[in-house]
Amino acid sequence: MRTLIILFIMLLPFTSKGQIEIDSLSVYKYFEKKGYTTAGVASQFRDFEKKEMELIEMTPIEINQINQILKLAKIKKHRQTKFGISPLFCKAVIGEKKIDFIIGKNIIVDLTNYQNYLIKNEEDRLWLEALIEKIRGD
């Protein structure tokens with residue numbers, strides 16, 4: 001019995017890895033070509049809420065692919081950082097909770113729960129890059 005408890009405790013962090021499931025995902029129609037810090041991104045999200053910025057709804061296929069990418073991603077606690085140029089500002093719904101997300105070419109950041117999802121798989125990185133280009137119209 002003691003061995004089972006120890007094994008369960010050891011595996012606990014791995015069972016929760018990437019287990020979020022996005023129900024709906026929208027992208028704010030805001031496409032500045034500049035980099036941001038975490039504080040700048042948070043400020044930008046507040047501005048979107050005040051201005052009632054237009055949203056672009058992602059398709060179920062895109063949401064499913066992002067969910068698959070999140071399941072394979074390495075999760076780290078988010079710390080104050082600089083983001084790359086031209087991230088997508090997103091509003092996700094998970095259950096009844098609304099979450100602010102940033103999608104970059106090799107990272108997805110949950111700014112509500114302060115978690116980074118590092119994308120290691122090259123196919124997933126290329127897919128995210130294509131998604132960003134498609135939505136931004138680059």
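Small disclaimer: the values here were computed from a predicted structure and weren't measured.
Between the side chains of Asp110 and Gln115, not a single donor N or O lies within less than 3.5 Å of an accepting N or O.
Considering CD1 of Ile22 and CD of Glu62, their distance stands at 12.0 Å, rounded to 0.5 Å. Note: Leu88 CG to Lys105 NZ = 10.5 Å, rounded to the nearest 0.5 Å. With values rounded to the nearest 0.5 angstrom, Cys90 atom SG is found 7.0 Å from Ile102 atom CD1. In this structure, CD in Glu129 is found 8.5 Å from CD in Glu122, a value given to the nearest 0.5 Å.
Put simply, the residue from Leu128, Leu70, Leu72 that forms a side chain to side chain contact (heavy atoms under 4.5 Å, CB included) with Ile119 is Leu128.
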Go through the steps for Lys29 and Ile135 under the test side chain to side chain contact (heavy atoms under 4.5 Å, CB included), then give the verdict. CA-CA 9 Å; Lys29 198 171 185 178; Ile135 290 175; over 6 Å; no
Could you go step by step and tell me if Ile103 and Val27 meet the side chain to side chain contact (heavy atoms under 4.5 Å, CB included) rule? CA-CA 9 Å; Ile103 296 179; Val27 177; 5.9 Å; no
Begin from the C-alpha positions of Trp127 and Ile66 and carry the test side chain to side chain contact (heavy atoms under 4.5 Å, CB included) through to its verdict. CA-CA 9 Å; Trp127 187 87; Ile66 289 173; 3.7 Å; yes
May I have the step-by-step check of side chain to side chain contact (heavy atoms under 4.5 Å, CB included) for Phe101 and Leu111, ending in yes or no? CA-CA 6 Å; Phe101 271 96; Leu111 290 163; over 6 Å; no
May I have the list of side-chain donor-acceptor pairs in residues 47-55 shorter than 3.5 Å, sequence neighbours left out?
from	atom 1	to	atom 2	distance (Å)
Glu49	OE2	Tyr28	OH	2.9
Glu49	OE2	Lys91	NZ	3.2

Donor-acceptor pairs under 3.5 Å, side chain of residues 92-99 to any protein atom, not counting sequence neighbours: which ones?
from	atom 1	to	atom 2	distance (Å)
Lys97	NZ	Asn113	OD1	3.3

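Taking the side chain as every heavy atom from C-beta outward, Leu131 and Met58 approach each other to under 4.5 Å.
Every residue meeting the side-chain hydrogen bond (donor to acceptor under 3.5 Å, both in side chains) condition with Ser26, not counting sequence neighbours, appears here in chain and number order: Glu57. Checked against side-chain contact (heavy atoms from CB on, under 4.5 Å), Asn64 has the following partners two or more places apart in sequence or in another chain: Gln68. Asn106 is linked by a side-chain hydrogen bond (donor to acceptor under 3.5 Å, both in side chains) to nothing, counting only residues two or more places apart in sequence or in another chain. Taking Ile107 as the reference, Val109, Asn116, Leu118 meet the side-chain contact (heavy atoms from CB on, under 4.5 Å) condition, with sequence neighbours excluded.
Within a 6.0 Å radius of CD in Glu123, other residues, nucleotides and ligands contribute 12 heavy atoms or fewer.
In terms of hydrophobic clustering, with Ile, Leu, Val, Met, Phe, Trp and Tyr side chains grouped at heavy-atom distances under 4.5 Å, Ile75 and Tyr114 are assigned to different clusters.
The aromatic rings of Phe89 and Tyr30 sit perpendicular, their planes meeting at an angle over 60°, well past the 30° parallel limit.
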